[in-house]
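Just so you know, these numbers use all the heavy atoms, side chains as well, and skip hydrogens, waters and symmetry mates.
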Amino acid sequence: PGADDRRAMIRLLFLASLELSGGVLGPAAQPLPAATAQIPTTSLAPRLKRAMSLSLEDLRQLQAEVAQGKPSPSKSYQEAYLNYLLVGNLKKLDPKAAKDLLKRTLKELEPQKDPESLALQGGCVGHKIGFNPLLAPMLSAKATGLFAQALKGAPGSPRVRWFQAVHTRGMPGFLGGGAKAARPLLEAALGAAETEAETEDPLAPRWGKTEILIWLATTQADTGDVPLAVATVRRALALAPEHPLALSVEAQLLQMEKPR
């Protein structure tokens with residue numbers, strides 16, 4: 001494809017990444033009431049790890065199961081994280097509901113000072129920019145400050161680094177953002193994901209590696225390394241063969257590689 005076609009495809013990849021990283025959902029998702037039967041939390045860990053790729057039905061079920069757990073910092077994080085995914089989906093389907101959910105989630109996250117929650121709060125501020133683009137300079141500065149605090153407390157967290165990289169990727173160049181600025185951040189996030197230790201807490205956040213690989217692939221394509229991007233997204237598919245964003249990115253990258 002020509003330069004204009006390649007730029008258009010890269011733009012589509014980036015926009016798809018923004019939409020799907022906020023939650024791969026369908027029509028307006030609302031939390032289900034908690035089921036009466038207690039479900040073992042050990043079954044939650046693998047689904048929380050791939051929450052961004054879950055169907056609407058599975059995400060609702062997961063949200064209901066998390067709600068049944070005993071209060072804990074990990075439970076509070078996962079509830080806020082699932083809300084983050086829902087906001088991303090509801091932005092277009094039901095903007096008012098998305099704004100209300102975002103406002104509530106930010107309020108719930110405000111007293112949380114652990115690094116993972118600080119980074120998630122920064123991600124939610126990123127959502128807020130989508131509703132208020134004119135406030136981008138001020139809100140970007142706030143998000144950047146939250147990421148700096150989170151990195152200071154947990155430099156080895158791939159999720160902290162992913163949120164920072166995604167935010168940087170979406171910022172305009174005059175604010176220090178863009179693909180070139182985000183690429184080394186994503187590479188650092190991948191390094192953190194590859195060395196992260198497992199945990200016995202089934203609600204502890206452990207998602208990130210697949211999403212990092214997908215975003216790194218789109219960023220590699222945007223910086224001129226399409227063949228490397230194909231290899232990277234296939235690493236994501238090796239971890240999550242049915243991940244909808246990874247499949248979409250792979251298809252579009254292969255299209256970019258085809259000669260005119």
Side-chain angles (χ1 to χ4, degrees), residues 14-33 44 47-67 74-112 114 116-136 138-147 150 159-160 162-171 177 203 205 207-208 210-212 214-215 243-245 248:
F14 176 55
L15 292 175
S17 300
L18 283 176
E19 291 298 322
L20 290 178
S21 66
V24 185
L25 309 176
Q30 297 295 335
L32 288 179
L44 297 177
R47 284 176 292 151
L48 287 168
K49 199 169 184 178
R50 64 177 194 273
M52 285 190 190
S53 68
L54 294 181
S55 68
L56 172 59
E57 181 181 356
D58 288 343
L59 186 60
R60 283 176 165 176
Q61 179 62 30
L62 178 58
Q63 191 177 51
E65 292 174 34
V66 170
S74 295
K75 176 177 179 287
S76 296
Y77 174 90
Q78 295 296 354
E79 288 177 325
Y81 172 56
L82 293 175
N83 283 345
Y84 167 82
L85 298 182
L86 288 171
V87 169
N89 176 248
L90 291 173
K91 277 184 178 179
K92 290 184 178 179
L93 296 172
D94 190 342
K96 184 180 184 304
K99 288 180 182 179
D100 291 344
L101 180 58
L102 179 60
K103 183 178 180 180
R104 187 171 79 243
T105 304
L106 282 167
K107 184 176 181 180
E108 292 170 353
L109 281 169
E110 190 172 351
Q112 308 302 323
D114 63 283
E116 297 283 357
S117 295
L118 287 170
L120 181 55
Q121 186 179 349
C124 288
V125 172
H127 273 325
K128 197 170 182 179
I129 293 173
F131 291 117
N132 303 280
L134 294 177
L135 299 179
M138 180 186 70
L139 293 175
S140 290
K142 180 177 181 179
T144 299
L146 288 166
F147 298 138
R159 290 158 300 282
V160 169
W162 180 83
F163 274 118
Q164 179 196 37
V166 168
H167 181 73
T168 301
R169 178 68 179 84
M171 289 194 304
L203 292 178
W207 62 271
T210 302
E211 291 72 25
I212 291 165
I214 295 169
W215 274 76
H243 198 296
L245 178 55
S248 174

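Looking at residues two or more places apart in sequence or on another chain, you find a side chain to side chain contact (heavy atoms under 4.5 Å, CB included) between Lys96 and Asp94, Asp100. For Ser140, there are no side chain to side chain donor-acceptor pair (under 3.5 Å) partners two or more places apart in sequence or in a different chain. In this structure, Ser76 has no side chain to side chain contact (heavy atoms under 4.5 Å, CB included) partners at least two apart in sequence or on a different chain. In this view, Lys99 satisfies the salt bridge (Lys or Arg N to Asp or Glu O under 4.0 Å) rule with no residue, not counting sequence neighbours. Residues forming a side chain to side chain contact (heavy atoms under 4.5 Å, CB included) with Thr210 (at least two apart in sequence, or on another chain): Ile214, Ala236, Leu239, Ala240, His243.
Going from atom CD of Glu110 over to atom CD of Gln112 covers 10.5 Å, rounded to the nearest 0.5 Å. Rounding to the nearest 0.5 Å places CG of Leu134 at 12.0 Å from CD1 of Ile129.
Ring to ring, Phe163 and Trp207 are close: their centroids are under 6.0 angstrom apart.
Minimum heavy-atom separation, Pro244 to Ser53: CD-CB, 3.8 Å. The two atoms that bring Tyr81 and Leu48 nearest to each other are CE2-O, 4.1 Å, heavy atoms only. Across all non-hydrogen atoms, the minimal contact from Ala150 to Ala119 is CB-N, 3.9 Å.
Checked by atom type and distance alone, the side chain of Arg47 never pairs as donor or acceptor with a backbone atom of Leu62 at under 3.5 Å.
The aromatic rings of His127 and Tyr84 sit tilted, their planes meeting at an angle between 30° and 60°.
Contacts classified as salt bridge (charged side-chain N to carboxylate O under 4.0 Å, His left out) and involving residues 76-86 (residues at least two apart or in different chains) are given here: Lys75-Glu79.
Screening Thr105, Asn83, Leu146, Leu101 against Cys124 for a side-chain contact (heavy atoms from CB on, under 4.5 Å) leaves a single residue, Thr105.
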